[in-house]
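First up is the structure itself, then whatever we jot down about it.
Remember, it's a predicted structure, so these values are computed and weren't measured experimentally. So that the names make sense, note that chain A is the first sequence line, chain B the second, and so on, each numbered from 1.
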2 protein chains.
Amino acid sequence: MLSAADGTPQAPTRVLVIDDEPQIVRALVINLKARKYEVDAAHDGATALRLAAARHPDVVVLDLGLPDMDGVEVIRGLRGWTRVPILVLSARHSSDEKVEALDAGADDYVTKPFGMDELLARLRAAVRRAEPAGGGEGEVLVETDEFTVDLAAKKVNRAGKDVRLTPTEWHLLEVLVRNTGRLVSQKQLLQEVWGPSYGTETNYLRVYMAQLRRKLEADPSHPRHFVTEPGMGYRFER
Amino acid sequence: MLSAADGTPQAPTRVLVIDDEPQIVRALVINLKARKYEVDAAHDGATALRLAAARHPDVVVLDLGLPDMDGVEVIRGLRGWTRVPILVLSARHSSDEKVEALDAGADDYVTKPFGMDELLARLRAAVRRAEPAGGGEGEVLVETDEFTVDLAAKKVNRAGKDVRLTPTEWHLLEVLVRNTGRLVSQKQLLQEVWGPSYGTETNYLRVYMAQLRRKLEADPSHPRHFVTEPGMGYRFER
DNA sequence: CGCGCCTTTGACGCAACCCTGACGCGTGGC
DNA sequence: GCCACGCGTCAGGGTTGCGTCAAAGGCGCG
């Protein structure tokens with residue numbers, strides 16, 4: 001059930017694997033790649049958080065026993081800014097451990113040793129139910145009078161031609177469009193696009209908003225769709 | 001995400017328990033009701049599907065071993081029309097069974113005997129991640145006869161046009177609207193908008209209340225919605 | 001190794017916002 | 001009847017925030 005039944009070119013699912021045991025990571029990576037997942041791997045919590053911010057995985061597989069920090073802290077670190085599904089892997093069978101991890105924000109908890117088939121099924125379940133939530137319950141296609149944004153295909157069309165956007169430009173556009181009509185604070189934009197450790201670098205926003213406007217607005221100096229709310233944030237209007 | 005800690009009365013979570021073993025159902029019902037869940041119970045698949053349709057539970061706990069039909073069929077029956085989280089309970093440890101149930105649409109799979117703490121934690125996790133997609137994210141709209149305040153989008157509409165508010169104006173309006181009908185003391189307003197170290201600078205309030213009235217009241221010199229209570233504070237009336 | 005694209009950073013002008021003080025008005029107390 | 005106080009209004013000045021441009025730094029690719 002990986003790809004949709006329609007002809008839409010499905011973007012590959014990105015998985016972030018966090019574990020300090022090389023053989024487990026290797027087994028997971030091999031199995032996941034064989035099933036056409038895109039895989040990133042981290043062997044400690046700090047790297048994991050950085051990678052999560054940079055790569056925006058669709059699902060996280062997290063071993064609780066990490067060398068540098070408590071696994072539950074990694075969960076909290078992720079939950080501070082994202083709702084990405086987290087599948088916890090652990091050798092601890094204790095009920096308390098499970099409860100703590102789940103209440104911290106984990107979506108599932110599998111004890112080692114685990115069956116690869118079961119893990120993959122749980123992974124599919126986690127991805128499946130996150131899909132529509134990630135899409136913001138609705139339109140994959142957002143149209144204005146001047147351009148069209150296809151959130152699924154990650155494409156922007158203007159006057160019949162596709163507009164080329166850099167990765168950062170697209171990310172920014174995506175967050176704004178997913179909140180069409182709503183004000184998005186500068187802090188939220190920075191954290192969603194640049195990662196949780198950002199929040200004050202408003203000059204990034206100014207530069208990239210200008211680029212988006214130059215590429216998409218009819219009159220970039222008088223934006224009609226990418227509205228600035230001084231001191232508060234930005235808003236995308238259709 | 002920052003869900004507002006406003007005084008919205010939270011509707012109780014409704015759980016549908018499906019199991020043919022009376023002692024398990026009893027244990028679950030007791031534990032769930034003690035935690036303020038609303039519980040329906042079914043002891044066979046047909047009843048379960050009927051109850052699910054009639055009661056629209058927020059989460060389903062399903063035992064795979066039912067007298068009348070295969071548990072996986074129940075999952076498919078539910079998935080035909082709803083995305084309600086399904087937590088499967090089963091005595092079978094076989095990996096194939098788990099994979100089948102999960103791929104049919106189950107969200108989680110717990111093998112009996114299970115720890116009640118763990119089950120409840122998994123239940124919380126399932127409910128939590130379904131929340132915003134389920135029906136939440138509702139617009140927080142406050143309307144008067146002259147203008148409309150959208151607290152989620154941070155937007156004010158008056159006569160079909162959006163009204164531009166400065167950050168301070170918006171903040172002040174927000175505090176007043178969140179306390180619709182109630183008197184808000186000057187000290188409270190100052191501390192919420194300008195920070196805890198403020199409390200006596202009532203002239204700020206006078207200036208900004210005047211600006212709000214000028215932008216939102218039909219007759220700013222005779223305010224109908226932003227009422228002054230001399231010597232005490234201000235009140236927003238719809 | 002060199003090239004090009006993307007990201008980051010800094011500087012500058014301008015507009016908007018926030019604070020401040022002064023004044024008028026109405027109300028209640030002495 | 002006078003005064004004190006609180007509130008509403010207005011206009012000016014300091015400061016902040018935003019848009020813009022340009023250039024340097026990083027990274028992957030040929």
Write down the distance between CG (L212(B)) and P (dT9(D)), rounded to a whole number of angstrom. 12 Å
Between P of dC7(D) and CZ of R214(B), the distance in whole Å: 18 Å
Any Lys/Arg nitrogen of E169(B) or K215(B) sitting under 4.0 Å from an Asp/Glu carboxylate oxygen of the other? yes
Under 3.5 Å, is there a donor-acceptor pair linking the side chains of D145(B) and H225(B)? yes
Spacing between H171(A) atom NE2 and dT7(C) atom P, to the nearest angstrom: 11 Å
Is there a donor-acceptor contact under 3.5 Å from the side chain of Q186(A) to the main chain of Y234(A)? no
Which nucleotide in dC5(C), dG19(D), dC18(C) has an atom nearest any side-chain atom of P167(B): dC18(C)
Look at the side-chain N and O atoms of R164(A) and state whether any lies under 4.0 Å from the OP1 or OP2 oxygen of dC6(C). yes
Given dC7(D), dT20(C), dT7(C), identify the nucleotide with an atom nearest to the side chain of Y204(B). dT20(C)
When rounded to whole Å, the CD to C1' distance for the pair Q186(A) and dG19(D) reads 13 Å
Any luck finding a side-chain donor-acceptor pair between D150(A) and T148(A) under 3.5 Å? no
In whole angstrom, give the distance that lies between atom CH2 of W170(B) and atom P of dC18(C). 14 Å
If the cut-off is 4.0 Å, is R206(B) near the phosphate of dG6(D), judged by side-chain N/O to OP1 or OP2? no
With heavy atoms under 4.0 Å as the rule, sort Y234(A) into base, sugar-phosphate or nothing. sugar-phosphate
dC18(C) phosphate, OP1 or OP2: any side-chain N/O from Y208(B) under 4.0 angstrom? yes
Check the side chains of T13(A) and R35(A) for a donor-acceptor pair under 3.5 angstrom, ignoring hydrogens and angles. no
Under 4.0 Å between a side-chain N or O of W194(B) and OP1 or OP2 of dC19(C)? yes
d(CD, E217(A); P, dG19(D)) in whole Å: 12 Å
What nucleic acid atoms does E229(A) come within less than 4.0 Å of, heavy atoms only: base, sugar-phosphate, or nothing? nothing
Side chains of R213(B) and T228(B), donor plus acceptor under 3.5 Å: yes
T166(A) has its side chain closest, among dC7(D), dC6(C), dG21(C), to dC6(C)
Could you please name the option among dC18(D), dT9(D), dC21(D) that lies closest to any side-chain atom of V207(A)? dC21(D)
Which nucleotide wins on minimum distance to the side chain of T168(A), given the candidates dG8(D), dT7(C), dG19(D)? dT7(C)
Using whole Å, what does the distance between atom C1' of nucleotide dA23(D) and atom CG of N203(A) come to? 15 Å
Does S221(B) place a side-chain N or O at less than 4.0 Å from the phosphate oxygens OP1/OP2 of dG8(D)? no
Below 4.0 Å: OP1/OP2 of dC18(C) and any side-chain N or O of Q211(B): no
Rounded off to whole Å, could you give me the CZ-to-P distance for the F226(B) and dC7(D) pair? 18 Å
